[in-house]
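Proteins come first, then strands; the chains are lettered A, B, ... in the order of their sequence lines, and each starts at number 1.
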Number of protein chains: 2
Amino acid sequence: MAKTPVLTPRADDFPRWYQDLIGKAELAENGPVRGTMVVRPYGYGLWERMQQELDARIKEAGAQNAYFPLLIPQSYLTKEAEHVEGFAPELAVVTHGGGKELEEPVVVRPTSETIVNDSFSRWVQSHRDLPLLINQWANVVRWELRPRVFLRTTEFLWQEGHTAHATYEDARDYAARIHRDVYADFMENVLAMDVVPGRKTAGERFAGAVNTLTLEGMMGDGKALQLATSHELGQNFARAFGTRYLTGDGRQEYVWQTSWGSTTRMIGALVMSHGDDDGLRVPPRLAAVQAVVVAVRDDGEVLATARGIGDRLTAAGVRVHVDDRTDTPFGRRAVDWELKGVPVRIEIGPRDLENGTAVLVRRATGSKEPTAIEALPGKLPGVLEAEQALLLAQSRAHREDRTAEVTTIEEAVEAAGTGWARIPWAALGPEGEAKLAERGVSVRCLVAADGSVPGSDDQPGNVAVVARAY
Amino acid sequence: MAKTPVLTPRADDFPRWYQDLIGKAELAENGPVRGTMVVRPYGYGLWERMQQELDARIKEAGAQNAYFPLLIPQSYLTKEAEHVEGFAPELAVVTHGGGKELEEPVVVRPTSETIVNDSFSRWVQSHRDLPLLINQWANVVRWELRPRVFLRTTEFLWQEGHTAHATYEDARDYAARIHRDVYADFMENVLAMDVVPGRKTAGERFAGAVNTLTLEGMMGDGKALQLATSHELGQNFARAFGTRYLTGDGRQEYVWQTSWGSTTRMIGALVMSHGDDDGLRVPPRLAAVQAVVVAVRDDGEVLATARGIGDRLTAAGVRVHVDDRTDTPFGRRAVDWELKGVPVRIEIGPRDLENGTAVLVRRATGSKEPTAIEALPGKLPGVLEAEQALLLAQSRAHREDRTAEVTTIEEAVEAAGTGWARIPWAALGPEGEAKLAERGVSVRCLVAADGSVPGSDDQPGNVAVVARAY
């Protein structure tokens, strides 16, 4: 007899499956203001681990955390022409404060390039102050007409880096460093997600940037999701805000800048990359709980043994939770841990105890294996690394299987029905890009012939990766 | 010859000294929207350490982090009568979003009791869901007419805890536990600040609370600052939002709730408690940099030795920074480290090298002592603990010296000119409290005769601690 599905199967209705999972795994729910979300403790725990891993990499890249105000004078946004054009339709505007109408409305930050440059124009005086490398963890608001929890929300959480450099080359190299050593490294080695690093076309760049580097991931349904971006801003904001420095030989020059961000959208990406019909599958290096020891029922000895296993696994460096809620039926708890995607489950009941074994259940493979309790602490670290590697391999194979090499727009649209297409940029160009857009397909990024990130849109051999996208 | 003061001396103009220090130690600056602030990297580093220490204590108390939306429907605020009355004058109101006027204005959260209860009313069904213990790290906005950086800002950062319990007693005990084991413990043992735990009078309670516990600190000028509060909310918000649970015997009951918060104001408190005329003094347990090794000038060997000392101190568990900016004059760097308040400075120049010594400078005492380089790793941990203890002892002595025992309102007002007064609550009462308020003096808290936190305002023997306050 087939078991009743806990979630709508992905093959039946992928968006519905996503909503089901977000709700039943207690990751998040909608807030009362349209497009906002409440991130529940289990979902926030994923974000906390993402923050820890990203923050360490950001600091390793030399940036320091700071905090800039939420509220920005409306006039600031208009100082950089492309920037205001890009963000004006999404702004939340505060017109009243302290019981009075404000003389000048203020906007809730959609991003912080403008207010950061207000400070940078004071902080940067001499070439000795450069590079200036700043990051902030914050919330931003972009009014969202078609919200979807984690993926597109009116408010989201993120980190945004903002840097100023003495030369174009230094800024370019730093944007590339963040793209590679912070974002790509984190996504592959912690999130176990296959990502394609590339360059956005002119039409897809951040509002105010001269170049945008992106990481694109393929979701379970074959659509693309932009996971993080790193921008070269040139001197656009420096000119708008007068951010200049004195060179070694006494000239005043505008600084060269970068900005880069990654958001709570990554939680949605995690779900849509690794989730299956039973729930989420959290990669062990990300998981706040890597192994849950489940006491099947309470006969005293079982609970004591479960706790003992927990202690020994903790000592072995595994992040463990002991589930001792034996007043809740075992089956319901097992379903819940599957939904939440804890990488390894260790089930122990009276019968196991007699044999000195426990059942080791791996979430990614679904395998169940009786294992000697004595052997668990030695075995677990290797099992967790194997689960981590399996998730990345599955993610990579999924993208490779569903990516077609094509040469015409028709073929690209056809391929985008189930996955991605790669098409020579020379055969597509901005005109072909516009034609694809009419059919709901976008150029996710350009990649060089050898798979590296191209230095320009028109570098010979560039390939466009095109797809339907979230 | 007396050295030129870097800061306005405290005795000349305390508020000016505070502003000078905030600027010159690069802690923060004003944002462009009145009352907002930019927290600079050095100031934000203090906040990051506060977050780490508080977050660990909050999790130890069983609460989990989550995140609720910034934007709250205006109608939510009005559901609890006292709450809206308290916060209405301070609200920032968003009237336009996505280029359109909104049907219902939304407020930027001044605090989250209302939106949290919107979720709690769904999350709590049965007594098995209780206690529900949630915390969030977030920004809030309260329109501020007389802003002062860190102390009163239109936007500030904080943590806010929100909990639901089955019984009055359980909620009361949890509010007290947070007050004691999270806030008081953190302030004394990490911030090295003497604090007086007590109970707010009815007139000073949080808008919507039935009881507010507070921690009050005495600043360098003798004024009081409220450092953190923990509230019993009774069933006020539960009734307003319908947050009910099914009891073990099948009845529907409203939950009993608490909320509690601590903010970036603590950075201002740190400055005003431990700062002296040379700058900030950071307690070692808080400091992100506990010891800075300063190379006086670069002759190759000095730099190599400084880095070697840095490595050995790191290995000894000390958080170290090596200052190798030898192109900046040594004197300027020394002044800067004094301003920033790094607990210990280890200065090393060519002459020290000949003797195998370095100069150990303690920020809190100002002592300078030649010390054998070999002895530093063994000596530093003890020196840091001594500095930590000294700051707490000084803070305590300052409060005791400047607190007068009085029995009349006149004496209380007089004492509040330079410090605090303790006066029997029976001799003061709400009427005396109103009279003091007319003279700019407030009841900071009530404490029991034995120094504990009273269970009620009218407990016999209660003493009112009164002062001018920030």
Side-chain angles (χ1 to χ4, degrees), chain A residues 26 28-29 31-45 47-48 64-73 76 88-100 104-106 108 115-116 118-119 122-123 128 134 136 138-139 141-145 154-155 157 264 327-328, chain B residues 26 28-29 31-34 36-45 47-48 64-73 76 88-100 102 104-106 108 115-116 118-119 122-123 128 134 136 138-139 141-145 154-155 157 264 327-328:
Chain A
E26 299 185 339
E29 63 187 22
V33 173
R34 186 174 155 74
T36 63
M37 65 176 165
V38 176
V39 185
R40 301 189 67 172
Y42 191 70
Y44 198 82
W47 181 238
E48 285 184 299
Q64 292 182 291
N65 289 335
Y67 188 77
F68 295 85
L70 173 75
L71 302 176
I72 304 180
Y76 277 41
E90 302 178 358
L91 296 177
V93 185
V94 175
T95 55
H96 292 71
K100 288 186 184 161
E104 183 191 347
V106 301
V108 182
I115 199 157
V116 163
D118 181 58
S119 284
R122 286 185 300 276
W123 298 355
R128 267 188 278 265
I134 299 290
Q136 88 169 348
N139 54 344
V141 170
R142 299 177 184 178
W143 216 264
E144 186 57 67
L145 298 178
T154 290
E155 180 192 11
L157 304 180
T264 36
D327 53 345
T328 302
Chain B
E26 300 185 339
E29 63 186 24
V33 173
R34 187 175 154 73
T36 63
M37 65 176 165
V38 177
V39 185
R40 301 188 67 171
Y42 191 68
Y44 198 82
W47 181 238
E48 285 184 299
Q64 292 182 292
N65 288 335
Y67 188 76
F68 295 85
L70 173 74
L71 302 176
I72 304 180
Y76 276 42
E90 302 179 356
L91 296 178
V93 185
V94 175
T95 55
H96 292 71
K100 290 188 184 159
L102 302 177
E104 183 189 346
V106 302
V108 182
I115 199 157
V116 163
D118 180 59
S119 284
R122 286 186 299 276
W123 298 355
R128 266 188 278 263
I134 300 289
Q136 88 169 349
N139 54 344
V141 170
R142 298 176 185 178
W143 216 263
E144 186 56 66
L145 298 178
T154 290
E155 180 192 11
L157 303 181
T264 37
D327 53 345
T328 302

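For the set A:Asp327, A:Val108, A:Val38, the entry with the most heavy-atom pairs within less than 4.5 Å of chain B is A:Val38. Contact tally against chain B (heavy-atom pairs below 4.5 Å) for A:Arg122, A:Lys100, A:Glu90: the top residue is A:Arg122. The residue among A:Trp143, A:Tyr42, A:Trp47 with the most heavy atom pairs within less than 4.5 Å of chain B is A:Trp143. Looking only at heavy-atom pairs under 4.5 Å with chain A, the residue among B:Pro89, B:Gly99, B:Gly31 that has the most is B:Pro89. Highest contact tally toward chain A, considering only B:Arg40, B:Arg128, B:Glu26, is held by B:Arg40 [criterion: heavy-atom pairs under 4.5 Å]. Among A:Thr36, A:Ile134, A:Asn65, the residue with the largest count of heavy-atom pairs under 4.5 Å with chain B is A:Asn65.
To the nearest 0.5 Å, atoms OH (A:Tyr44) and CD (B:Gln136) are separated by 8.0 Å. The CZ atom of A:Phe68 lies 13.0 Å from the CE atom of B:Met37; values are rounded to the nearest 0.5 Å.
At a threshold of 4.5 Å between non-hydrogen side-chain atoms, the residues A:Val33 and B:Pro73 count as touching. At a threshold of 4.5 Å between non-hydrogen side-chain atoms, the residues B:Thr264 and A:Tyr67 do not count as touching.
Side-chain atoms of B:Glu155 come within 3.5 Å of backbone N or O of A:Leu70 as a donor-acceptor pair.
Of all heavy-atom pairs between A:Val39 and B:Ala66, the closest is O-CB, 3.3 Å. Scanning both residues, A:Tyr76 and B:Pro32, for their nearest heavy atoms gives OH-CB, 3.2 Å.
Neither the backbone nor the side chain of A:Arg142 comes within contact range of chain B; no heavy atoms are under 4.5 Å apart. For B:Glu29, the part lying under 4.5 angstrom from a heavy atom of chain A is the side chain only. Contact annotation for B:Asp118: only side-chain heavy atoms (C-beta onward) come within less than 4.5 Å of a heavy atom of chain A. Neither the backbone nor the side chain of B:Leu145 comes within contact range of chain A; no heavy atoms are under 4.5 Å apart. Looking at B:Leu71, the atoms closer than 4.5 Å to chain A (heavy atoms on both sides) sit in the backbone and in the side chain alike. No part of B:Val116 comes within reach of chain A, as not one of its non-hydrogen atoms sits under 4.5 angstrom from that chain.
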